[in-house]
*Asks:* 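Got a structure here, written out as C-alpha cells. Questions coming.
All values below come from the heavy atoms of this structure, side chains included, with hydrogens, waters and symmetry mates left out.
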Amino acid sequence: MLSPTLTSSLYILLSVTSVSCIYDFRNLTAHVEYFDQRIDHFNLGTYGTNTFKQKYLINYDYWTKDGSNYTGPILFYCGNEGNIGGFWYNSGFMFNLAEEYKGLVIMVEHRFYGTSLPFGEKSFEWPYIGLLTMEQALADFAMVINYIKNSKGAEDSKVIVFGGSYGGQLAAYMRYKYPNIVDGALAASAPVIDQSSKEAQESFWPLVTKDFNEAKTNATPRIQQAFADLEKLKQQEGGYAEISNQLYLCKPITDESGYIHVLKYVRNIFTNLAMYDYPYETSFVVPNLMGHPVEYTSQLIVNASTPIEGLKKAAKVIYQGEGTPDKCFDLDTLYVVCSDPTGCGTGNAAIAWDFQECIQLAITSGSSSKTSMFPDLPFTMADKTAYCKKKFNAVPDPLWTKTEFWGSKMWSASNIIFSNGLLDPWRGGGILEANPANPTISVILIAGAAHHLDLRPPNPLDPPAVTAARKLEAKIIGSYLSQ
C-alpha cells in the first residue's frame, strides 16, 4: 500500500508497505529508422529545406489499431547527449507503460550525437556547430512527432514525452513549447532550476557529500584526509611524481596545472558514484558497476592502507570496473577539463556537450571545502566565459536561456511530472516543491533513488519507494491520456 506524504501535487515517497515488485524488463525489438530532418528550422536563408538523416528507434509491439489507424498513445523519449541506443536500454519503464496503455515507444536521437550529424564529421566545426541548440532539438522532436502521427494514421493519438537528466529538461521544455502536440511529460532528474538559480548550481557538490555522509560507512573524513595528504605531498620535493605514483597515473604530472587536473579527476570519481548509486549491478557508466557503489567504495576507502590508496581503489571501481586487470589511469581521457565541471568525456559527443554547456546550459559551479568534502576548485561564470571564448569563440548568455526556457518561472505550464531521487546529487537543480495554485504540475521525491532510477526497467532490488513512484507516474500519465 502506498504511503506518501502528500501536499497538493507534491508526493514524497518515503515508505511503502505490501507493494509487489515484478521484474518486467523485455528485450523488445528496437526498429532503427531515419527521418529527413531540416538542418535549420528557423532560417530558410541558411540551408533552405535541406535535411539530414536523424536516427530514431521505434517499437510497435503494443500499439493498438482501429482498422487502418492507430489509436494508442505515442510514448516519446527525448534523446540526450549520446547515442540513442544507450537510452533505449536504460528507460525500460516506458515499455511497461506501453503495455499498460497500448502505446508506441519511440526514442529520437539528439542532433549532433550518435549518427545524427547534420554535416557529417564537419558538424563539430564552426559555423556548423552553431546549429546545435535546444531550440533546434525541440523543433526536431516536434517534427518527428508530426511525421509519425501523419504517416501512421495516428492523428488522434495522445503524446507523452519522457526524458532523464538533460533529456528530462527537454521533455519539460517540449510541454512548455509545444503543448499543441504534447499532452504530458515525465521529466526525471531534470535540473531545470539550474538555468536560473546560482543557489541550485552551487548545491551539487554539497549533495554529493551528503550522499557519502549518509552511507552506512561514512568515508567522508577519510576522503577529506586524502585530499589533505595530496596537498602535503605536493609541497614536498618530488611531490608531483609521488602523487602520480600513488594514484597510478599513466603520465606523471609535473606542475600545478596537472595537480589541479588530478583534483578534478578525483572529485569526479565521487560524482559518478553518487549519480549512479543504483541498488543493483548496471553497465550505464562502466561495465558491471556493482549495486550500491557509494557504500561499496566507502568501505574500500575506510579499509584502505592509506587515504590516498582509498582514492585509487575508488578510481578502479568507477573508471575501470572492479575485478578487471589493473592498469594505469589516463588523466587525459578519464577526466577531460571542459565547460562542465563534471567533465565532458572524449570524442564527438564530448565536443557537442562542451559546446552546449558553453552556450546554453548551466549545470554546476565549482566546489568549496566549506560546503563539501572537496577542495576549493572554483569555476565562476567569468571562468566559464573565458574558456568558451577561447574554445568556441562563443560565450554563455544566461539571461536568454532563462528567458527562453523559463527557469523557475514554469508554473504556467501543465501536465508535467517532475521526479527526483533523494540520492541524486542533481536534485538541487530540480523542481522539489509543488505549487498549490497549479496542481497539474506533479512533483515526486523518491527515497533511495539515484539519477532517474524511476525511468529504468523495474527490478526486484528497486527500493519500494521507486516501485511506488512508477505506479504513481503511471496513474498520472493515465489521467493525461484520458483528458
Side-chain angles (χ1 to χ4, degrees), residues 201-215 217-275 294 297-320 326 328-344 364-380 382-384 386-387 425:
Q201 294 167 19
E202 292 175 346
S203 70
F204 184 81
W205 305 112
L207 287 174
V208 173
T209 302
K210 187 173 189 291
D211 286 349
F212 279 84
N213 278 338
E214 294 180 353
T217 304
N218 185 356
T220 299
R222 187 87 162 166
I223 294 166
Q224 291 173 309
Q225 185 60 53
F227 281 117
D229 290 350
L230 289 174
E231 186 65 25
K232 289 178 183 177
L233 271 180
K234 187 191 78 164
Q235 306 301 329
Q236 300 175 9
E237 184 176 353
Y240 291 135
E242 184 59 25
I243 288 171
S244 303
N245 179 59
Q246 290 196 30
L247 290 177
Y248 199 24
L249 303 182
C250 297
K251 180 181 177 182
I253 61 171
T254 59
D255 55 20
E256 181 69 11
S257 175
Y259 175 67
I260 296 299
H261 194 173
V262 165
L263 295 182
K264 292 178 178 179
Y265 151 85
V266 171
R267 184 180 65 178
N268 217 44
I269 295 169
F270 302 103
T271 296
N272 285 311
L273 289 168
M275 281 177 61
V294 166
T297 52
S298 292
Q299 291 182 21
L300 288 181
I301 291 166
V302 167
N303 294 326
S305 57
T306 68
I308 294 177
E309 176 69 13
L311 297 184
K312 188 176 79 170
K313 288 179 177 292
K316 174 71 174 176
V317 169
I318 202 68
Y319 288 130
Q320 297 178 356
D326 287 339
C328 63
F329 297 97
D330 182 3
L331 279 186
D332 293 333
T333 59
L334 293 176
Y335 181 82
V336 178
V337 176
C338 65
S339 57
D340 177 354
T342 66
C344 287
T364 186
S365 57
S367 59
S368 166
S369 60
K370 294 179 180 179
T371 59
S372 74
M373 64 185 181
F374 302 110
D376 294 325
L377 293 169
F379 189 68
T380 65
D383 295 329
K384 183 175 182 177
Y387 169 88

*Asks:* Is a donor on one side and an acceptor on the other found under 3.5 Å between the side chain of Ser339 and the backbone of Lys384?
*Replies:* no

*Asks:* Quick one: CG on Asp326 to OH on Tyr248, what's the gap to the nearest 0.5 Å?
*Replies:* 6.5 Å

*Asks:* Search all heavy atoms of Cys250 against all heavy atoms of Pro252 and return the closest pair with its distance.
*Replies:* O-CD, 3.9 Å

*Asks:* For the side chain of Asp383 and the backbone of Thr380, is there at least one donor-acceptor N/O pair under 3.5 Å apart?
*Replies:*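 Looks like yes, one N/O pair under 3.5 Å.
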
*Asks:* I'd like to know if the side chain of Thr297 and the backbone of Val294 have a donor-acceptor N/O pair within less than 3.5 Å.
*Replies:*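 Answer holds: yes.
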
*Asks:* Tell me whether Ser244 contacts the main-chain N or O of Ile253 through its side chain, where contact means a donor paired with an acceptor under 3.5 Å.
*Replies:*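 Such a contact is found between Ser244 side chain and Ile253 backbone.
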
*Asks:* Please name the pair of heavy atoms, one in Met373 and one in Thr209, separated by the smallest distance, quoted to 0.1 Å.
*Replies:*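 Closest approach of Met373 to Thr209, heavy atoms only: N-OG1, 3.0 Å.
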
*Asks:* With rounding to the nearest 0.5 Å, note down the distance linking CD in Gln236 to NZ in Lys232.
*Replies:*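 Here the interatomic distance stands at 9.5 Å.
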
*Asks:* Would Asp255 and Ser257 count as having a side-chain donor-acceptor pair, cut-off 3.5 Å?
*Replies:* no

*Asks:* How long is the straight-line distance from CG of Leu247 back to CD1 of Ile308, given to the nearest 0.5 Å?
*Replies:* 6.5 Å

*Asks:* Taking everything shown except Lys234 itself, do over 12 heavy atoms lie less than 6.0 Å from its NZ?
*Replies:* yes

*Asks:* With heavy-atom distances below 4.5 Å as the criterion, would you say the side chains of Lys312 and Lys316 are in contact?
*Replies:*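 No, too far: nothing below the 4.5 Å cut-off.
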
*Asks:* How many angstroms lie between atom NZ of Lys264 and atom OG of Ser367, to the nearest 0.5 angstrom?
*Replies:* 9.0 Å

*Asks:* Looking at Tyr335, is its backbone amide N or carbonyl O close enough to the side chain of His261 to form a donor-acceptor pair, meaning the two atoms are under 3.5 Å apart?
*Replies:* yes

*Asks:* Would a line drawn from the ring center of Tyr265 to the ring center of Tyr319 be shorter than 6.0 Å?
*Replies:*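 Ring-ring flag for Tyr265/Tyr319: true, centres closer than 6.0 Å.
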
*Asks:* Thr333 and Val336: which non-hydrogen atoms are nearest, and at how many Å?
*Replies:* O-CG2, 4.2 Å

*Asks:* So with a 6.0 Å cut-off around CD of Glu237, is the heavy-atom count from everything else above 12?
*Replies:* no

*Asks:* Applying the side chain to side chain contact (heavy atoms under 4.5 Å, CB included) test to Ile223, which of Ile301, Val302, Ile269 qualifies?
*Replies:*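 Among Ile301, Val302, Ile269, the one meeting side chain to side chain contact (heavy atoms under 4.5 Å, CB included) with Ile223 is Ile301.
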
*Asks:* Can you name the closest pair of heavy atoms from Ser365 and Trp205 and give their distance?
*Replies:*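 Distance-wise, the nearest heavy atoms are O-NE1, 2.8 Å.
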
*Asks:* Could you check whether any side-chain heavy atom of Val266 comes within less than 4.5 Å of a side-chain heavy atom of Val262, counting everything from C-beta outward?
*Replies:*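 In short, these two side chains touch, coming nearer than 4.5 Å.
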
*Asks:* Say you draw a straight line from CD1 of Ile243 to CD of Glu231; how long is it, rounded to the nearest 0.5 Å?
*Replies:* 8.0 Å

*Asks:* Ring-plane angle category for Phe374 and Phe270, please: parallel below 30°, perpendicular beyond 60°, tilted otherwise.
*Replies:* tilted

*Asks:* Evaluate the side-chain proximity of Gln246 to Leu233: yes if any heavy-atom separation is below 4.5 Å, no if none is.
*Replies:* yes

*Asks:* In Å, rounded to the nearest 0.5 Å, how long is the span from CD of Gln225 to CG of Leu311?
*Replies:* 11.0 Å

*Asks:* What closest approach, in Å, do Pro341 and Phe379 show between heavy atoms, and which atom pair accounts for it?
*Replies:* CG-CD2, 3.6 Å

*Asks:* Can you see which heavy atom on Ser372 is nearest to which on Gln224, and at what distance?
*Replies:* O-NE2, 4.1 Å

